[in-house]
Protein chains: 2
Amino acid sequence: MAVTIKDVARLAGVSASSVCRTLAAPDKVRPDTRERVQRAVAELGYYPNRAARGLITGRTGNLGLIVPDIANPFFPDIIKAVEARARELDYAVFLADTDEDPAAEVALIRAMSKQVDGFLLVSARCSDDELRSVYRDLPVVVVQRRVRHVPAVTFDDHDGILQAVGHLATLGHRRVAYVAGPRTSWSNKERQRILRLTTSAVGVELVDTGHAAPTLDGGTAVADLVLATGATAVMTFNDLMALGLLRRFRALGVEVPGDISVVGFDDIPLAELVDPPLTTIALAKQKAGRAGIDMLIGLLNNPETAAPRTVLPTQLTVRASTGPARRG
Amino acid sequence: MAVTIKDVARLAGVSASSVCRTLAAPDKVRPDTRERVQRAVAELGYYPNRAARGLITGRTGNLGLIVPDIANPFFPDIIKAVEARARELDYAVFLADTDEDPAAEVALIRAMSKQVDGFLLVSARCSDDELRSVYRDLPVVVVQRRVRHVPAVTFDDHDGILQAVGHLATLGHRRVAYVAGPRTSWSNKERQRILRLTTSAVGVELVDTGHAAPTLDGGTAVADLVLATGATAVMTFNDLMALGLLRRFRALGVEVPGDISVVGFDDIPLAELVDPPLTTIALAKQKAGRAGIDMLIGLLNNPETAAPRTVLPTQLTVRASTGPARRG
DNA sequence: TTGTACGCGTTATCAC
DNA sequence: GTGATAACGCGTACAA
């Protein structure tokens, strides 16, 4: 059986409340009592049960972090930043993966909600209403999404996309395909919207190839469709899909960027590793994790604040997967 | 405020006990009571507080999953399998990343230990004694490690390494370098031991290049050292390090496999994506996650069992990063 | 300064 | 079949 506050109290020869006090406010107990308690704590390796504490204080010291897919290298960078920052602030992070399934997302939030003080939801796939309903019960910060009345950290997709479209236009591309990500993804909708605006502004035709899974296999599956559109360049919802395209293009003998240019989104660590290295729109991932936690903790300490917003920069990173348009 | 069992009881016009019973054993209450309760539960969106339940039952329904580095694509495959299997069995998984830091590992286990029913520790970096001490308090299953008296799921590294060394020997390699992973890694020690055995058995010289971080950058950093050994082939502790080597080799104009062959470990999804695709020793990752959970649940239901062991297969996957040895 | 008593949300036990 | 009641580990008002 795990060691409880009573075990410590018994060993130290004091009451449970004295143990509690020693831990919470060491200067409110007599030095000799304090010392006896501290020795007992050390000897038994006592560690308070945060769940039980949460029952009475309403605070567990835990935060929930939910992402759609840990296998997508985009998320680990954010997760690492979140965990590092949370550790600094003495919070534990409970991480869960929804497998891109909105239903699983809601179920997970349900299951965790009584055991955490708040949620950081990254690229949440559930509906706005569900999100707001969670927010009614518990502090929530969404990352890479925007929902009315809910605190959010987002990326300035407009800036990055503008750079990318400008880059392609300069290279002579006049027909650009976009491979969309999940229908349930807010940022996918956003990127589609921005792409329509920016391409038409510079006289580039935007071709839609429909939705695909935001994974390697998703990209691979849609590659032939992309080629069939006759586009000289393709942008994807994320880097994994772009890498999937590259894989299929190589198998088909389609040259990149000779036959077609490819632009991804996220700048995951693999992007520069493949052949050719991937041109992509980089997001300030670490900053996002840190900003998200800081915002969440702020909400915890100050629940009545209006929903804050943070927008983080994006930056086109040009590598070898983009080049001059093949002559139509 | 969150909805509690009392709220449900009040709305249904019954006692808390009846609500509890309806949820645990629906057939032990009268149909009309059951229906009233179920309607109230649905209406209020009631969900029991697992932490409070754990207080009395000694079971939280949560499992702890700890990995050294989520950013290493090796782990997400295991994590996914664990979460899928846990969900089937109606357990929630609390996942944490130790950043390859043994101290953080111990701290995390401490922090979580009262909130979970057991731990699945993947590639645990802490000492044997620390591990056994955790095991005294709580059921623990280690994956990719072996500690006396502690239940374990491991991979048959011997088989995979034998295949790899045989493969290289057949290609004419007589001098093979090994880039070691973390000192704290059990499987690194194990692989080193097996390599010494198998290479000497087939008359291949094994060159040690010392330890490096089990990451892309770790591999890149050690690349020059590898070349300096004059080895015609190099094996690494994991795929990430191998990819780091490839990156540096490309920058140096060193051809793979023309100048040097490269063999990784793990078969992460990127391995077949880079150029050249990486020859690597594949591990049954999904099976490991599933087997680990099943073993852990088994322990939960039957605490007195002797520490079980499962060994999963490994398989050399030959791709283009290995070829005939350059003529000395 | 210290200990007692109570309550957090839940389940197990026992009367009824 | 149902409802009090106690107990889990902890924190805090209150009494001593």
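Residue numbers start from 1 in every chain, and the chains themselves are labelled A, B, ... in the order their sequence lines are given, proteins ahead of strands.
- The shortest side-chain heavy-atom distance between R290(B) and D294(B) falls under the 4.5 Å cut-off.
- Taking the side chain as every heavy atom from C-beta outward, V142(A) and V140(A) approach each other to under 4.5 Å.
- Counting only residues at least two apart or in different chains, side-chain hydrogen bond (donor to acceptor under 3.5 Å, both in side chains) contacts with residues 50-76 of chain B comprise K80(A)-D69(B), Q115(A)-N62(B), R59(B)-Y91(B), R59(B)-N301(B), T60(B)-D117(B).
- Between K6(A) atom NZ and dT4(C) atom P the separation is 12 Å, expressed in whole Å.
- Between the P atom of dG9(D) and the CZ atom of R10(A) lies a distance of 11 Å, rounded to the nearest Å.
- In terms of phosphate contacts, Y46(A) brings a side-chain nitrogen or oxygen within less than 4.0 Å of OP1 or OP2 of dC10(D).
- The nearest heavy atom of DNA chain D to T57(A) and to L55(B) marks one nucleotide each, and the one closer to the 5' end goes with L55(B).
- Separation of atoms OG (S18(B)) and CZ (R34(B)) is listed at 12.5 Å; rounding is to 0.5 Å.
- A heavy-atom distance below 4.0 Å to DNA chain C is reached by these residues of residues 24-41 of chain A, ordered by number: V29(A), R30(A), T33(A).
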Go through the steps to decide whether T154(A) and R146(A) satisfy the test side chain to side chain donor-acceptor pair (under 3.5 Å), and finish with yes or no.
CA-CA 7 Å; T154(A) 54; R146(A) 187 151 294 187; 2.9 Å; yes
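- Distance CG (N49(A)) to C1' (dG11(D)): 13 Å, rounded to an integer number of Å.
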What are the atom names and distances for every N/O pair under 3.5 Å that joins the protein to nucleotides 4-7 of chain D?
residue: dA4(D); atom: N7; partner: S17(B); partner atom: OG; Å: 3.4
residue: dA4(D); atom: N6; partner: S17(B); partner atom: OG; Å: 2.8

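- Checked against ring pair (Phe, Tyr, Trp, His ring centres under 6.0 Å), F74(B) has no partners two or more places apart in sequence or in another chain.
- Toward the 5' end of DNA chain C, the nearer of the two residues L23(B) and V14(A), judged by each one's closest nucleotide, is V14(A).
- Every residue was checked against the ring pair (Phe, Tyr, Trp, His ring centres under 6.0 Å) condition with F119(A), not counting sequence neighbours, and none meets it.
- Note: CZ (R53(A)) to C1' (dG9(C)) measures 18 Å, nearest angstrom.
- Here dG9(D) presents its C1' atom at 9 Å from NZ of K114(B), a figure rounded to the nearest Å.
- Atom CD1 of I5(A) is separated from atom P of dT4(C) by 14 Å (rounded to the nearest Å).
- When all heavy atoms are compared, the tightest approach of T4(B) to D7(B) is N-OD2, 2.8 Å.
- Annotation: side chain of E100(A) is in contact with side chain of P182(A) (closest heavy-atom distance under 4.5 Å).
- Ranking dT10(C), dG3(D), dG9(D) by closeness to the A52(A) side chain, first place goes to dG9(D).
- Look at R145(B) and D128(B) and you find a salt bridge, because one of the NZ, NE, NH1 or NH2 atoms lies within 4.0 Å of a carboxylate O, short of that distance.
- With hydrogens and angles left out, the side-chain atoms of S187(B) and E190(B) include no donor and acceptor closer than 3.5 Å.
- Residue S18(B) places its side chain closer to dG3(D) than to any other of dG3(D), dT11(C), dG9(C).
- Rounded to 10°, the helix from dG3(C)-dC14(D) to dC16(C)-dG1(D) has 50° between the axis fitted to its first five pairs and the one fitted to its last five.
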